[in-house]
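Everything quoted here is computed from the prediction, not taken from an experiment.
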Amino acid sequence: MQAQTQFTTIDRLDRPSAYFTSKKKGRYSRDGESQEPKKDDPLKDATTLYVGNLSFYTTEEQIHELFSKCGEVKRLVMGLDRFNKTPCGFCFVEYYTHQDALDCMKYIGGTKLDERLIRCDLDPGFEEGRQYGRGKSGGQVRDEYRDEYDPGRGGYGRFYDGKEGEDR
């Protein structure tokens, strides 16, 4: 009798963020094992959350009010447009304990804030400079190529508007 593999349809709540996994890419041998020395998992005791898919009009007060329901918020850092210094759809929320961060992912991740489904990922920690968006316009890269109208994200994408040569 063959052993049956069980698959789960539920994602782990303490999975690494997309940013963290992209930074961790290393060289692998043919058997799939990393050739780099084993290190401790930096997300094991992470107290910081990356919060994405926020409306450009969501305020720090709204975020603080929502996220303080899962524990005491130590610090909140809004993501900013690199040039205009206006919010650009993400933030970092830092808690005092790892358990509060996990509870927040469990209860708040995937809920609506300003009519947008927000996403929460554990983050290894905020470093100065990460509060600025990564796109050419200073916002998120995906916002530049968006072709549908989204008032919560500033309207149409930058390249869709035909403004790719202009600076905001």
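Looking at L113 and T58, their side chains come closer than 4.5 Å, going by heavy atoms from C-beta outward. With a 4.5 Å cut-off on side-chain heavy atoms, F126 and R75 count as touching. Two residues are said to be in side-chain contact when any heavy atoms from C-beta on lie closer than 4.5 Å; L49 and Y95 meet this criterion. At a threshold of 4.5 Å between non-hydrogen side-chain atoms, the residues D114 and Q62 count as touching. Side-chain contact between V51 and F67: present, with at least one pair of heavy atoms (C-beta onward) separated by less than 4.5 Å. Residues I108 and C70 meet the side-chain proximity criterion, which asks for heavy atoms closer than 4.5 Å.
The distance from the CG atom of L43 to the CG atom of L122 is 5.5 Å, given to the nearest 0.5 Å.
In this structure, a donor-acceptor pair under 3.5 Å is present between the side chains of N53 and R116.
With sequence neighbours excluded, no residue satisfies side-chain hydrogen bond (donor to acceptor under 3.5 Å, both in side chains) with D45. The side-chain hydrogen bond (donor to acceptor under 3.5 Å, both in side chains) search around S68 returns none, not counting sequence neighbours.
Between L80 and P87, the shortest heavy-atom contact is CD2-N, 4.1 Å.
Pairs engaging residues 105-125 under the ring pair (Phe, Tyr, Trp, His ring centres under 6.0 Å) rule: none recorded [sequence neighbours left out].
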